[in-house]
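All remarks here apply to the structure that follows.
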Amino acid sequence: MIFHVDANSFYASCEGLFRPDLRGKPIAVLSNNDGIIIALNAECKEAGFARGDAYYQKKDEMARSGVTVFSSNYTLYADISARLNMLYFRYTPDVEIYSIDESFLYFPSWDKKSLAETGSSLRERVGIEVGIPISVGIAPTKTLAKLCNKLAKKRGGVCAWAELDGDAELAHYPVGDLWGVGRSKTKLLARHGVDTALDLKRFPLHRAKECLSITGMRTVQELNEVPAIDRVERERHQNICSSKSFSRAVYDLDEIKTALSDYAQEAVKRMRAERSACRAVAVFLSTNPASETGEYYGNSATAELGEPTSFLPDIQGTALRLLEGIYRPGFRYRKVLINLIGLESEVRAQGELFVDDGTRQRNDALMTACDRINDRYGRGTIGPGSRRLVAATDRDGNRSAWVMKRDFLSPEYTTKLADVPRVR
DNA sequence: TCTGGGGTCCTAGGACCC
DNA sequence: TCTGGGGTCCTAGGACCC
């Protein structure tokens, strides 16, 4: 049996955790650059706000409704996520961490009663030890467990498939709300007369494969209680990408280069943390696609590296060269992205013939030293000489466009000594 | 002025292999 | 009337996820 465990309004719950003064009051968390609402608690939803709302449009209304607004604090959310999973591992060694706020827990099939009890106990323990509200869905397949979880949110936090009249529930469940059925599949299914989860459960397998491909067929199997979706348990990522929108339009190549250098350093740091090396680098540059003023321009370029590498100067140099190739003067650029592609184990990577191991070792030692300095004195303290063509703030202290806007950032309560809350 | 960031999987088609 | 059979690897683009 599978438990699907999901934290409710996770980012908003994390922010509320250290602010008991906000209990029962609306909370919203904003995206990078304080652009849109990406998480809101129940009180905030009740006040009429929704995920995806642009902050600058709702700002005044939110202030009137007494909403407390936070910028994204991923350091905090990642730490709380780790605490949740540590607790899940006490219940079963078999935990698949699916996202920052969702995990699948695998249990041997005990009798139904003790499973639902286990779900309630888990919820209670998490409430006491981590302080974040969670929901638990229990079913024989991942798709059904996720469905039960959605039902659980309205039914006391725990919902077991075995205790439901399955077909009756599926008949009320819109097919588009199922895991793995997005907008385009919903549209396509409607043409075949499939509107509810029950319709899809009864959809013939061979036809499902024809019109929905293998993934859609698996969804049909899972609705019929046949496990078909594998776990994703990967030692390392296949790609690592880093990107941020600028806080306003940027025209200047040097400014974009500075941002790209920063993202390259960030991506390489993450790659080195899992001891991987990449085979290729891709860069994407674009103006704001949503903008009604100004012409849209977006372009990307990819380059293979000589050998799989995690050496920042090589990766960054390649990225900057790619950027120069796709940059066109005169556009109002809003975003640049770097993607490290074809990741493999650094140890196993096939080396280039004429690069000697001494060079590799020196490069690695250099990168390790840089990582340590940046960990200790802050991101961007040291890096390749080509970065920081444009300073983070100008002479008057104005923030440069490539520096993220985060006006409502909460403290790093759990990961920075100076930010640990004081109690009396 | 201002609308997020980071991923995975699948498919089709081309290049190439013996 | 007729052109072999059976593969792998790679890439771009689409769909989907949180």
Side-chain angles (χ1 to χ4, degrees), chain A residues 4-11 28-39 50-60 71-72 74 77-78 81 96-104 142-143 146 149-150 176-189 209-219 228-234 236-250 263 266-267 270-271 274 279-280 282 284 286-294 300-304 332 334-343 398-399 401 404-407:
Chain A
H4 177 252
V5 186
D6 176 304
N8 304 346
S9 311
F10 182 54
Y11 296 172
V29 179
L30 305 180
S31 68
N32 286 347
N33 284 319
D34 297 336
I36 60 169
I37 300 176
I38 53 170
R51 203 187 129 87
D53 286 349
Y55 176 60
Y56 79 95
Q57 288 174 347
K58 301 278 177 168
K59 197 171 168 178
D60 297 339
S71 303
S72 297
Y74 289 104
Y77 312 149
S81 173
E96 174 189 356
I97 300 170
Y98 179 69
S99 76
I100 196 163
D101 74 325
E102 288 181 32
S103 291
F104 291 103
K142 289 164 85 171
T143 303
K146 288 211 39 145
N149 195 310
K150 277 205 186 171
D177 288 355
L178 286 168
W179 187 41
V181 182
R183 216 177 274 161
S184 84
K185 281 181 181 168
T186 305
K187 226 168 136 187
L188 200 141
L189 282 166
K209 177 148 192 216
E210 265 168 41
C211 36
L212 304 174
S213 92
I214 187 80
T215 48
M217 190 182 90
R218 288 181 186 143
T219 301
I229 298 177
D230 283 342
R231 310 179 190 201
V232 274
E233 271 167 318
R234 217 172 274 290
R236 54 177 53 84
H237 288 86
Q238 301 174 328
N239 308 298
I240 287 180
C241 109
S242 178
S243 130
K244 267 137 220 111
S245 301
F246 307 131
S247 55
R248 54 179 158 75
V250 171
Y263 306 158
E266 153 77 12
R270 269 157 48 202
M271 179 168 74
E274 51 188 62
R279 279 185 296 158
F284 178 74
S286 72
T287 61
N288 184 1
S291 169
E292 282 144 29
T293 57
S300 68
T302 306
E304 301 266 333
R332 300 162 49 82
R334 280 310 301 271
K335 183 179 199 164
V336 68
L337 170 155
I338 182 171
N339 198 0
L340 309 180
I341 306 170
L343 268 54
N398 296 314
R399 187 183 47 230
M404 212 197 296
K405 185 175 166 190
R406 296 206 283 182
D407 289 344

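All values below come from the heavy atoms of this structure, side chains included, with hydrogens, waters and symmetry mates left out. Chain naming here is simple, since letters A, B, ... match the order of the sequence lines and numbering starts at 1 in each.
Heavy-atom distances to DNA chain B give each of A/Ser213 and A/Arg270 a nearest nucleotide, and the one nearer the 5′ end belongs to A/Arg270. Heavy-atom nearest nucleotides on DNA chain B were determined for A/Gln57 and for A/Arg218, and the one closer to the 5' end corresponds to A/Gln57.
A/Tyr98 comes within contact range of the sugar-phosphate backbone alone, with a heavy-atom separation under 4.0 Å but no base atom that close. Heavy atoms of A/Ile36 sit under 4.0 angstrom from at least one base atom. Within the nucleic acid shown, A/Leu340 has no heavy atom closer than 4.0 Å to any nucleic acid atom. Within 4.0 Å of A/Lys405, counting heavy atoms only, lies no atom of the nucleic acid at all. Within 4.0 Å (heavy atoms only), A/Ser72 reaches no atom of the nucleic acid at all. Residue A/Ile240 is in sugar-phosphate contact alone, with no base atom involved, counting any heavy-atom pair closer than 4.0 Å across all strands shown. No engagement by A/Asp53 is indicated, since no non-hydrogen atom pair under 4.0 Å with the nucleic acid exists.
Here C/dC18 presents its P atom at 8 Å from CH2 of A/Trp179, a figure rounded to the nearest Å. Counting to the nearest Å, the C1' atom of B/dG5 and the OH atom of A/Tyr11 are 9 Å from each other. What separates CD1 of A/Ile38 from C1' of C/dC17 is a distance of 15 Å, to the nearest Å. For A/Ile37 and B/dT3, the CD1 to P distance is 14 Å, given to the nearest whole Å. Taking atom CE of residue A/Met217 and atom P of nucleotide C/dA15, one finds them 20 Å apart after rounding to whole Å. For the pair A/Glu266 CD and B/dG5 P, the interatomic distance rounds to 12 Å; values are reported in whole Å. The distance between atom CD of A/Glu102 and atom P of C/dC17, rounded to the nearest whole Å, is 11 Å. Atom-to-atom, CD1 of A/Ile229 to P of C/dC17 comes out at 10 Å; the value is rounded to the nearest Å.
Here A/Ser245 does not reach the OP1 or OP2 of B/dT3: none of its side-chain N or O atoms lies under 4.0 Å away. At B/dT3, none of the side-chain N or O atoms of A/Asn33 fall inside 4.0 Å of OP1 or OP2 (strictly under the cut-off). The phosphate of B/dG5 (OP1 or OP2) has a side-chain N or O of A/Lys335 nearer than 4.0 angstrom. Distances shorter than 4.0 Å separate some side-chain N or O of A/Lys146 from OP1 or OP2 on C/dC18.
No donor-acceptor pair under 3.5 Å is formed between the side chain of A/Ser81 and the backbone N or O of A/Tyr77. For the pair A/Asn239 (side chain) and A/Asn339 (backbone), a donor-acceptor distance under 3.5 Å is absent. Side-chain atoms of A/Ser72 come within 3.5 Å of backbone N or O of A/Leu30 as a donor-acceptor pair. One N or O on the side chain of A/Thr219 and one on the backbone of A/Thr215 form a donor-acceptor pair closer than 3.5 Å.
Between A/Ile338 and A/Phe284 there is no side-chain heavy-atom pair separated by less than 4.5 Å.
In DNA chain C, runs of at least 3 consecutive Watson-Crick or G-U pairs, each pair with both distances below 3.5 Å, span B:5-18 with C:5-18.
Here the options are A/Glu102, A/Lys142, A/Lys150, the test is side-chain hydrogen bond (donor to acceptor under 3.5 Å, both in side chains), and the partner is A/His4; only A/Glu102 passes. The residue from A/Asn32, A/Asn33, A/Ile38 that alone fulfils the side chain to side chain contact (heavy atoms under 4.5 Å, CB included) condition with A/Ile36 is A/Ile38.
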I'd like a table of atom pairs between the protein and nucleotides 7-12 of chain C - only N or O on both sides, under 3.5 Å - with the distance next to each one.
residue : atom : partner  : partner atom : Å
C/dT11  : OP1  : A/Glu304 : OE2          : 3.4

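A distance of 6.5 Å separates CD1 in A/Ile240 from CG in A/Leu340, rounded to the nearest 0.5 Å. Rounded to the nearest 0.5 Å, atoms OG (A/Ser247) and CZ (A/Arg334) are 7.5 Å apart.
Remark: A/Lys335 fails to qualify as a cation-pi partner of A/Phe246 under the 6.0 Å distance and 45° angle criteria applied to the six-membered ring.
Straight-line distance between the C1' atoms of B/dG4 and C/dC17: roughly 15 Å, to the nearest whole Å.
The side chain of A/Ser184 has C/dC16 as its nearest neighbour among C/dC18, C/dC16, B/dC2. Nearest nucleotide to the side chain of A/Lys185, out of B/dT3, B/dC2, C/dC16: C/dC16.
We find that A/Glu274 and A/Arg270 are not joined by a salt bridge, their nearest charged nitrogen and carboxylate oxygen being 4.0 Å or further apart.
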